[in-house]
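First the structure, in the form of structure tokens, and then the observations on it.
Since we're looking at a predicted model, the values are computed, not measured.
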Amino acid sequence: SNDYRVVVFGAGGVGKSSMILRFVKGTFREAYIPTIEDTYTQVISCDNNVCTLQVTDTAGSHQFPAMQRLSISRGHAFILIYSICSHSSLAELVPIYQSIREIKGAEAMPSVPIMVVGNKCDDAHREVTTELGKKTATSWGCGFIETSAKTSHNITELFQQLLQMEKKRKMSL
Ligand code: GDP
Ligand code: MG
């Protein structure tokens, strides 16, 4: 089909909604509004045609398990976000990564685009080093980037890198 579905997972408060709003609307808000599930659509280029990039914002690790399974099985690519200010938010990505691996199948994993993202890199209260984030991503065979939804740092680059990881079609923003 002409849809390319990207699902965003991560602990509550790491900036999933902020990162998506920054990407699709170019805005940022200071308030924390909990999410159940929302999907945003962007038109992108795919094999020299237009197609729709669907970005699904989730409630993260506390999502209803059945909803999480459905999002994973429907998703083509994944963004796993933690906050560089929270060690536990990186730890919360482990079971999410394992669920993706279990649902997609270990053999399929090398062809599933996944970016591990350290958000809030503008914040001085860092708990997770860039090296640890990178090491975690590499051990999972995923890409890695640090972003700030607040300053907009690396937000476009995140999506560019994710789309470049897709080998079945040639996609770009
Ligand atoms: P979610 O639960 O993962 O969707 O997190 P939100 O997007 O609702 O963000 C949680 C809080 O972190 C909000 O108060 C945001 O303003 C703040 N936040 C999100 N991204 C950033 C960022 O890149 N830098 C800073 N300093 N704060 C951020
Ligand atoms: Mg949210």
Can Arg5 and Thr56 be said to form a side-chain contact (heavy atoms from CB on, under 4.5 Å), step by step? CA-CA 7 Å; Arg5 294 184 291 272; Thr56 298; 5.8 Å; no
Residue that, paired with [X], satisfies side chain to side chain contact (heavy atoms under 4.5 Å, CB included) out of [options]:
| X | options | answer |
| --- | --- | --- |
| Asp57 | Val24, Asp38, Val7 | Asp38 |
| Ile20 | Val6, Ile79, Val8 | Val8 |
| Val117 | Ile155, Ile84, Ile81 | Ile81 |

Measure the shortest side-chain to side-chain distance between [X] and [Y] over non-hydrogen atoms and say whether it is less than 4.5 angstrom.
| X | Y | result |
| --- | --- | --- |
| Leu93 | Thr136 | no |
| Arg69 | Glu102 | yes |
| Ser71 | Phe9 | yes |
| Lys150 | Glu30 | yes |
| Leu132 | His87 | yes |
| Thr147 | Arg22 | no |
| Ser111 | Lys167 | no |

Residues two or more places apart in sequence or in another chain: which of them pass side-chain contact (heavy atoms from CB on, under 4.5 Å) with Gln161? Met115, Ile145
Show your reasoning for whether side-chain contact (heavy atoms from CB on, under 4.5 Å) applies to Ile100 and Leu80. CA-CA 11 Å; Ile100 296 172; Leu80 307 185; 3.9 Å; yes
Quick one: side chain to side chain donor-acceptor pair (under 3.5 Å) partners of Thr156, sequence neighbours excluded? none
Test of understanding: with side chain to side chain donor-acceptor pair (under 3.5 Å), list the residues that count as partners of Ser148, not counting sequence neighbours. Asp122, Thr151
Sequence neighbours excluded - ring-ring contact (aromatic ring centres under 6.0 Å, His included) pairs with any residue from residues 108-162: Phe23-Phe159, Tyr97-Trp140
From Ile114 CD1 over to Leu162 CG, what is the distance, rounded to the nearest 0.5 angstrom? 9.5 Å
Report, one line per pair, each donor and acceptor closer than 3.5 Å where one atom sits in a side chain of residues 103-110; sequence neighbours left out.
| unit_1 | atom_1 | unit_2 | atom_2 | d |
| --- | --- | --- | --- | --- |
| Lys104 | NZ | Ile72 | O | 2.9 |
| Lys104 | NZ | Ser73 | O | 3.2 |
| Lys104 | NZ | Gly75 | O | 2.8 |

Could you tell me whether Arg74 atom CZ has more than 12 heavy atoms of other residues or ligands within 6.0 Å of it? no
Verify same cluster id: [X], [Y] (apolar side-chain graph, 4.5 Å):
| X | Y | value |
| --- | --- | --- |
| Leu70 | Phe78 | no |
| Met165 | Met171 | yes |
| Leu21 | Phe28 | no |

Do [X] side-chain atoms and [Y] backbone N/O form a donor-acceptor pair below 3.5 Å?
| X | Y | value |
| --- | --- | --- |
| Asn119 | Ala149 | yes |
| Ser89 | Ser86 | yes |
| Lys16 | Gly10 | yes |

Name every donor-acceptor pair, under 3.5 Å, that has one atom in a side chain of residues 47-55 and the other anywhere in the protein, sequence neighbours excluded.
| unit_1 | atom_1 | unit_2 | atom_2 | d |
| --- | --- | --- | --- | --- |
| Asp47 | OD1 | Lys170 | N | 2.8 |
| Thr52 | OG1 | Asp3 | OD1 | 2.5 |
| Gln54 | NE2 | Asp3 | OD2 | 3.2 |

Write down the atom of Val116, the atom of Cys142, and the distance for their closest heavy-atom approach. CG2-CB, 3.9 Å
Considering all heavy atoms, the nearest Val14-Lys120 contact: O-CE, 3.6 Å
Using only heavy-atom distances, determine whether the side chains of Glu146 and Thr130 contain a donor-acceptor pair under 3.5 Å. yes
